[in-house]
J.: 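Handing you a structure now.
Below, read A as the first sequence line, B as the second, and so on, with proteins coming before strands; counting in each chain starts at 1. Hydrogens, waters and symmetry mates are skipped; everything else that's a heavy atom, side chains included, is used.
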Amino acid sequence: MKKIINAVDQVENQMIEGMVKAFPQYVKKLDCGNVVVRAEKKTGKVALISGGGSGHEPAHGGFVGKGMLDAAVAGAVFTSPTPDQIYEGIKAVDDGKGVLMVVKNYTGDVLNFEMAAEMAADMDGIEVKEVVVNDDVAVQDSLYTTGRRGVAGTVFVHKIAGALAEKGASLDEVQAVAQKVIDNVRTMGMAIKPCTVPAAGEPGFELADDEMEIGIGIHGEPGVEKKPLETADEIVDTLLEKILADIDYSGSEVAVMINGCGSTPLMELFIVNNRVADVLAEKGIKVYKTMVGEYMTSLEMEGFSITLLRLDDQMKELLDEEADTPALTVAK
Amino acid sequence: MKKIINAVDQVENQMIEGMVKAFPQYVKKLDCGNVVVRAEKKTGKVALISGGGSGHEPAHGGFVGKGMLDAAVAGAVFTSPTPDQIYEGIKAVDDGKGVLMVVKNYTGDVLNFEMAAEMAADMDGIEVKEVVVNDDVAVQDSLYTTGRRGVAGTVFVHKIAGALAEKGASLDEVQAVAQKVIDNVRTMGMAIKPCTVPAAGEPGFELADDEMEIGIGIHGEPGVEKKPLETADEIVDTLLEKILADIDYSGSEVAVMINGCGSTPLMELFIVNNRVADVLAEKGIKVYKTMVGEYMTSLEMEGFSITLLRLDDQMKELLDEEADTPALTVAK
Amino acid sequence: MADVKKVIEIIDKIIADVDEQKLFLTELDNVIGDGDHGINLARGFDAVKTIEDTFESKDIGAILKAIGMKLVSTVGGASGPLYGTAFMKSGALLNGKTEMDMNDFIEMLQVSIDGIMKRGKAVKGEKTMLDAMIPAHDAIKASYEADGDAKKALDAGVKAAEEGIEYTKTIIATKGRASYLGERSIGHQDPGATSFTLMLKAVQELA
Amino acid sequence: MADVKKVIEIIDKIIADVDEQKLFLTELDNVIGDGDHGINLARGFDAVKTIEDTFESKDIGAILKAIGMKLVSTVGGASGPLYGTAFMKSGALLNGKTEMDMNDFIEMLQVSIDGIMKRGKAVKGEKTMLDAMIPAHDAIKASYEADGDAKKALDAGVKAAEEGIEYTKTIIATKGRASYLGERSIGHQDPGATSFTLMLKAVQELA
Ligand SMILES: Nc1ncnc2c1ncn2[C@@H]1O[C@H](COP(=O)(O)OP(=O)(O)O)[C@@H](O)[C@H]1O
Ligand SMILES: Nc1ncnc2c1ncn2[C@@H]1O[C@H](COP(=O)(O)OP(=O)(O)O)[C@@H](O)[C@H]1O
Ligand SMILES: [Mg+2]
Ligand SMILES: [Mg+2]
Ligand SMILES: [Mg+2]
Ligand SMILES: [Mg+2]
């Protein structure tokens with residue numbers, strides 16, 4: 001394991017400290033743990049809270065700020081944060097208008113966030129609602145699984161629901177638009193190089209020099225299959241085919257996110273987008289907006305995911321609303 | 001060589017195409033080659049042009065847009081672009097107010113940009129001036145070298161000179177502020193993993209499992225020494241010591257950039273910033289603004305650089321001016 | 001069966017065993033999950049260790065509750081709220097008691113199972129810790145009700161839990177991260193079923 | 001010494017040799033530069049190949065100018081403008097000529113050296129292509145002036161260029177990327193001196 005760190009048991013703390021020290025104009029850390037909230041509490045609005053394991057930077061702390069999240073809670077690497085920390089986050093950001101939790105669909109995340117919500121409701125009478133993001137089409141959504149995983153599409157939920165909350169909408173309205181994003185967003189990823197959880201010291205999976213994993217999750221969980229490495233165009237075609245088969249994008253406008261997994265050079269992400277743009281154009285799917293970069297990473301995993309969000313007028317407008325956070329700024 | 005690409009001789013083209021397709025609202029490509037200019041030419045201002053080899057994404061195409069560059073010219077990977085392409089870029093963006101070339105201090109870049117400037121002056125009577133960025137303190141600036149290399153600090157030149165140009169300043173004024181940034185900016189980097197130029201197929205240098213290279217350049221050029229891997233804090237201390245010894249930062253305000261080399265997880269960059277912030281605080285150097293992310297990469301090299309820019313009031317103001325480009329947005 | 005001192009002794013052993021088995025549990029989770037189960041539990045029981053000195057002055061219920069809260073606030077992941085709930089429910093059950101007997105233990109397993117099933121929305125046969133817990137509970141209960149021999153009952157419980165682990169190898173996961181694997185999860189044992197068995201063995205050995 | 005046909009033959013050989021030596025030149029550049037010298041030159045001479053069919057109808061000056069412009073617009077890096085300048089200056093010198101003799105060639109080397117020195121702001125002894133070019137020019141000139149034997153002169157030129165390569169191993173680079181290495185550049189030969197020698201050898205063999 002070759003990493004630029006100090007100590008395995010300090011990575012989460014020092015990561016959060018380093019982030020908060022970099023962006024004091026945007027965020028501060030609560031004393032109780034790795035909970036990041038806006039530097040200045042925005043009052044009179046529904047609060048958005050999200051989070052999950054660490055190792056997905058800039059998610060989620062990087063999206064705390066104007067027009068996106070009010071709080072982000074970071075667990076240990078790839079491990080859901082605990083209810084007490086989430087609970088502190090909820091208490092810190094609630095302003096009487098209620099709190100929406102944006103949870104990625106993992107048993108751990110769902111259990112811990114729900115426990116926190118119960119605590120906030122029982123002990124403090126805070127109204128807490130939840131949406132569960134499940135955009136990963138690599139795994140089947142069937143009765144026999146815990147459903148699709150939540151991956152990079154989550155960032156679109158933060159952006160769009162965050163914009164509506166910033167405008168003063170009610171908790172129900174913010175939850176509804178978040179759910180609408182979830183219903184319309186699909187993602188699929190791949191990797192050519194695994195990542196190593198610092199505390200584990202060994203890579204989470206193995207890939208031969210000529211192999212890739214198609215349908216990888218954001219913790220290196222396998223998806224569809226391990227197979228010989230192909231060209232960027234072939235890989236894009238495989239991923240897009242799965243995504244486009246899942247919901248009907250024909251004739252619609254979409255937002256595209258090409259997300260790097262942590263150690264994929266931007267050059268390669270642009271080469272990927274070159275093909276994505278061509279295929280969508282061929283199919284008559286209009287690209288309204290494209291994002292290319294690192295939004296939901298997996299430590300130093302090498303690979304990428306493609307996310308397509310089918311847009312309507314409301315989502316388009318909210319996507320374009322001003323946002324000002326450490327990791328995503330949209331100028332008006 | 002394990003990369004997500006299509007063909008070795010297509011990486012530059014497809015990268016540029018993919019970038020332009022991602023950000024049509026910001027940039028377009030000239031027909032004549034890998035020259036990216038603003039989607040809508042901004043008239044009535046001094047034009048800024050920069051560029052260099054490909055493989056440093058988002059530099060420089062990602063910084064084309066409001067408040068930064070007017071054009072960026074991309075050569076082959078790690079190879080200066082050619083004069084004819086730079087010349088086309090100069091012609092495309094000049095609006096009679098003159099053009100400032102922001103060149104990184106490499107023989108190839110300097111020779112090619114200067115040849116292009118001669119062409120534009122001789123054939124089209126365009127007034128072209130130049131600044132040469134040389135922020136890398138890893139290599140000595142002595143009579144016996146070509147001087148320090150230009151690295152990540154270049155992005156501060158784009159931002160600050162770009163902001164002044166956007167406000168309508170004259171070519172001399174824009175050149176002067178660009179030179180002021182250059183005089184006050186210093187950078188040093190390190191790497192724990194090399195990168196592979198696609199056309200070469202083999203890594204540019206070798207590092208053992210427990211080794212790092214201190215003072216690495218953005219093409220993997222060696223700098224100070226190869227030595228056993230240390231903790232993040234120790235590495236930061238080594239780099240900062242060199243930077244702080246080069247010009248006197250005491251009592252001043254600085255802008256900090258923690259730049260990832262291409263495959264360094266953001267988590268590690270934040271851990272690095274945690275130490276940088278602490279050391280600067282200890283030394284009484286006030287941090288005015290911090291940027292953490294990938295600004296000037298080296299394909300998939302793993303490592304980072306620290307840049308410190310000593311600020312005055314003019315630079316502070318221009319740093320905060322609105323910018324809206326694919327890779328850097330500053331909201332007003 | 002156990003007084004406060006004995007309970008502390010058992011907890012002590014669990015802390016040590018989890019630490020010892022940390023890599024093994026993580027390795028199991030690496031194959032069908034995300035490779036952190038051992039790390040998660042070790043982080044939790046390391047934290048329990050830091051409050052162990054407060055246990056002597058507490059009753060068994062209070063001790064179990066404190067452990068549950070500690071686990072909930074330090075383990076994270078899926079197993080944190082699940083084991084945390086189990087200990088908290090057990091604590092509520094044994095509230096005020098300074099001695100517990102086999103019937104208490106059997107009921108404690110039952111409330112733990114109920115708590116985990118409710119929180120995790122899981123049933124038997126989904127390749128989770130429940131596939132060791134439920135057979136263990138049933139075997140202990142049946143054996144103890146038959147002849148009142150505590151040692152024999154605990155032996156039967158451990159045997160059933162170990163068979164439960166073997167059983168998890170034969171089924172597809174439909175809960176937790178392993179469910180993403182579908183068919184590919186067959187052939188591998190469940191980390192949670194394994195960690196539960198480790199804890200039960202500590203009870204068997206010392207109670 | 002050479003008519004248009006011969007010049008084209010020589011260019012042909014240079015294109016082939018650069019392609020063949022591409023990896024070797026790149027490897028040399030890897031050690032003290034950025035590992036692209038062979039790739040850069042090959043990209044340039046591949047592009048020259050695409051305009052070769054226009055050469056037959058041109059005079060030697062026009063051919064060399066076209067090559068220079070092609071190199072400038074395709075090679076990039078430091079060597080692009082430098083070799084490009086050398087060919088363009090040579091083209092200007094031989095403007096309108098359909099035959100060239102040894103004196104033309106010697107003068108062509110001289111204007112190339114001058115052009116490169118001016119553009120690159122370099123002198124002899126800085127570990128660049130000049131350290132092969134200058135001795136080669138001097139040796140050819142001296143030998144040819146002594147006895148008028150072209151073949152002998154070219155042999156002397158190649159020998160001097162090769163000694164120039166050896167010489168670059170002994171000195172510190174003070175120009176180009178290799179200068180970043182300081183002392184560490186000692187012991188390694190300069191890629192540009194090597195590629196110039198390769199070109200001169202094509203002339204020696206065919207002229
Ligand atoms: N819904 C559930 N009900 C009961 N047990 C579960 C459930 N989901 C997961 N588990 C158990 O949790 C274990 C995994 O725990 P752990 O690795 O610590 O958490 P995570 O899966 O979040 O990384 C599994 O081996 C399984 O026994
Ligand atoms: N200032 C200079 N004057 C003359 N030759 C130079 C100069 N700088 C570099 N060179 C030559 O260029 C060669 C490197 O060319 P190349 O690798 O193609 O370009 P780059 O260094 O930009 O990657 C060096 O080996 C050296 O011979
Ligand atoms: Mg986990
Ligand atoms: Mg080069
Ligand atoms: Mg796990
Ligand atoms: Mg080179």
J.: Step by step, work out the side chain to side chain contact (heavy atoms under 4.5 Å, CB included) result for A/I216 and A/F205.
T.: CA-CA 11 Å; A/I216 197 100; A/F205 58 103; 3.5 Å; yes
J.: So for A/M190, is it side chain, backbone, both, or neither that comes closer than 4.5 Å to the heavy atoms of chain B?
T.: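 When you check distances to chain B, only side chain atoms of A/M190 fall under 4.5 Å.
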J.: In terms of heavy-atom pairs under 4.5 Å with chain B, which of A/A232, A/A7, A/G260 leads?
T.: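 Counting heavy-atom pairs under 4.5 Å, the top option is A/A232.
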J.: Determine whether a donor-acceptor pair (N or O, by modelled atom type, separation under 3.5 Å) exists between the side chain of B/K226 and the backbone of B/E206.
T.: yes
J.: Can you tell which of A/L328, A/D278, A/V276, A/V236 has the highest number of heavy-atom pairs within less than 4.5 Å of chain B?
T.: A/D278
J.: Can you list everything that forms a salt bridge (Lys or Arg N to Asp or Glu O under 4.0 Å) with B/K286? Sequence neighbours excluded, please.
T.: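 By the salt bridge (Lys or Arg N to Asp or Glu O under 4.0 Å) rule, B/K286 matches B/E253.
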J.: Hey, does the side chain of A/S298 reach the backbone of A/M301 with a donor-acceptor pair shorter than 3.5 angstrom?
T.: no
J.: I would like to know whether B/E211 and B/K227 meet salt bridge (charged side-chain N to carboxylate O under 4.0 Å, His left out); could you show each step before the answer?
T.: CA-CA 5 Å; B/E211 265 182 346; B/K227 60 178 193 174; over 6 Å; no
J.: Before you tell me yes or no, could you show the steps for B/K167 and B/E321 under salt bridge (charged side-chain N to carboxylate O under 4.0 Å, His left out), namely the whole-Å CA-CA distance, both residues' side-chain angles and the distance that decides it to 0.1 Å?
T.: CA-CA 10 Å; B/K167 296 177 104 172; B/E321 279 293 327; 3.5 Å; yes
J.: Looking at every non-hydrogen atom in both residues, tell me the closest pair between A/E302 and B/K2 and how far apart they are.
T.: OE2-O, 4.0 Å
J.: May I ask you to name which of B/I235, B/V292, B/D209 has the most heavy-atom pairs under 4.5 Å with chain A?
T.: B/D209
J.: I'd like to verify something: which residue of B/G55, B/G62, B/P265 has the highest number of heavy-atom pairs under 4.5 Å with chain A?
T.: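 Heavy-atom pairs under 4.5 Å are most numerous for B/P265.
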J.: Taking side chain as everything from C-beta outward and backbone as N, CA, C, O, which of these in B/D324 sits under 4.5 Å from a heavy atom of chain A? Side chain, backbone, both or neither.
T.: side chain
J.: Hey, does the side chain of A/K29 reach the backbone of A/G33 with a donor-acceptor pair shorter than 3.5 angstrom?
T.: yes
J.: Can you tell which part of A/A208 gets under 4.5 Å to a heavy atom of chain B, answering side chain, backbone, both or neither?
T.: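 Interface part for A/A208: backbone (N, CA, C, O).
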J.: Checking the side chain of A/N259 only, and the main-chain atoms of A/Y295 only, is there a donor and an acceptor separated by less than 3.5 Å?
T.: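 A pair under 3.5 Å: yes.
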J.: Need one label for A/N6: side chain, backbone, both or neither, based on atoms under 4.5 Å from any heavy atom in chain B.
T.: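 The answer is both parts of A/N6.
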J.: Are any side-chain N or O atoms of B/T264 and backbone N or O atoms of B/G303, one a donor and one an acceptor, separated by less than 3.5 Å?
T.: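 The answer is yes, because a donor-acceptor pair under 3.5 Å joins these two groups.
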J.: Mind checking which of residues 13-26 of chain A sit less than 4.5 Å from chain B, heavy atom to heavy atom?
T.: A/Q14, A/M15, A/E17, A/G18, A/M19, A/K21, A/A22, A/F23
J.: Looking only at heavy atoms, what is the nearest atom pair of B/M212 and B/L207, with distance?
T.: C-CD2, 3.8 Å
J.: So which of B/I4, B/T290, B/L266 has the biggest tally of heavy-atom pairs under 4.5 Å with chain A?
T.: B/I4
J.: Looking at B/V27, is its backbone amide N or carbonyl O close enough to the side chain of B/R38 to form a donor-acceptor pair, meaning the two atoms are under 3.5 Å apart?
T.: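 Absent.
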J.: Whether the side chain of A/T325 engages the backbone of A/F63 through a donor-acceptor N/O pair (distance < 3.5 Å, no angle test) should be reported.
T.: no
J.: B/L229 versus chain A, heavy atoms under 4.5 Å apart: side chain, backbone, both or neither?
T.: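 Contact with chain A: side chain only.
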J.: What's the shortest heavy-atom distance between A/V256 and A/I258, and which atoms?
T.: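 Residues A/V256 and A/I258, closest heavy atoms: CG1-CD1, 3.8 Å.
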J.: On a heavy-atom basis, which atom in B/K332 and which in A/E322 lie closest, and how many Å separate them?
T.: O-OE2, 4.5 Å
J.: Pick one of side chain, backbone, both or neither for B/T297, based on which atoms fall under 4.5 Å of a heavy atom in chain A.
T.: neither
J.: Without swapping roles, check the side chain of B/K66 against the backbone of B/E166 for a donor-acceptor pair under 3.5 Å.
T.: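 Pair absent, no side-chain N/O of B/K66 close to backbone of B/E166.
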J.: How about residues 192-201 of chain A versus chain B: which residues have heavy atoms under 4.5 Å apart?
T.: A/I192, A/K193
J.: Go through the atoms of A/Q10 and report whether side chain, backbone, both or neither lie under 4.5 Å from a heavy atom of chain B.
T.: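 Nothing of A/Q10, per the 4.5 Å heavy-atom cut-off to chain B.
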J.: Measure distances from B/V77 to the heavy atoms of chain A and classify the residue's part below 4.5 Å as side chain, backbone, both or neither.
T.: side chain
J.: Measure the spacing between CG of B/L311 and CD of B/E317 and express it to the nearest 0.5 Å.
T.: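 Here the interatomic distance stands at 12.0 Å.
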J.: Determine the minimum heavy-atom distance between A/A74 and A/S54, stating which atoms define it.
T.: CB-OG, 3.6 Å
J.: Taking all heavy atoms of B/L239 and all of B/I214, pick out the closest pair and write down the distance.
T.: CD2-CG2, 4.1 Å
J.: Counting heavy-atom pairs under 4.5 Å with chain A, which one of B/E12, B/K3, B/E300 comes out on top?
T.: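 Most heavy-atom pairs within the cutoff with chain A belong to B/K3.
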J.: Just do the side chain to side chain contact (heavy atoms under 4.5 Å, CB included) check on B/F78 and B/I218 with the steps written out, would you?
T.: CA-CA 9 Å; B/F78 291 179; B/I218 56 171; over 6 Å; no
J.: Spell out the residues in residues 267-275 of chain A that have some non-hydrogen atom less than 4.5 Å away from a non-hydrogen atom of chain B, in order of number; otherwise answer 'none'.
T.: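 The list, in residue order, reads A/M267, A/E268, A/F270, A/I271, A/V272, A/N273, A/N274.
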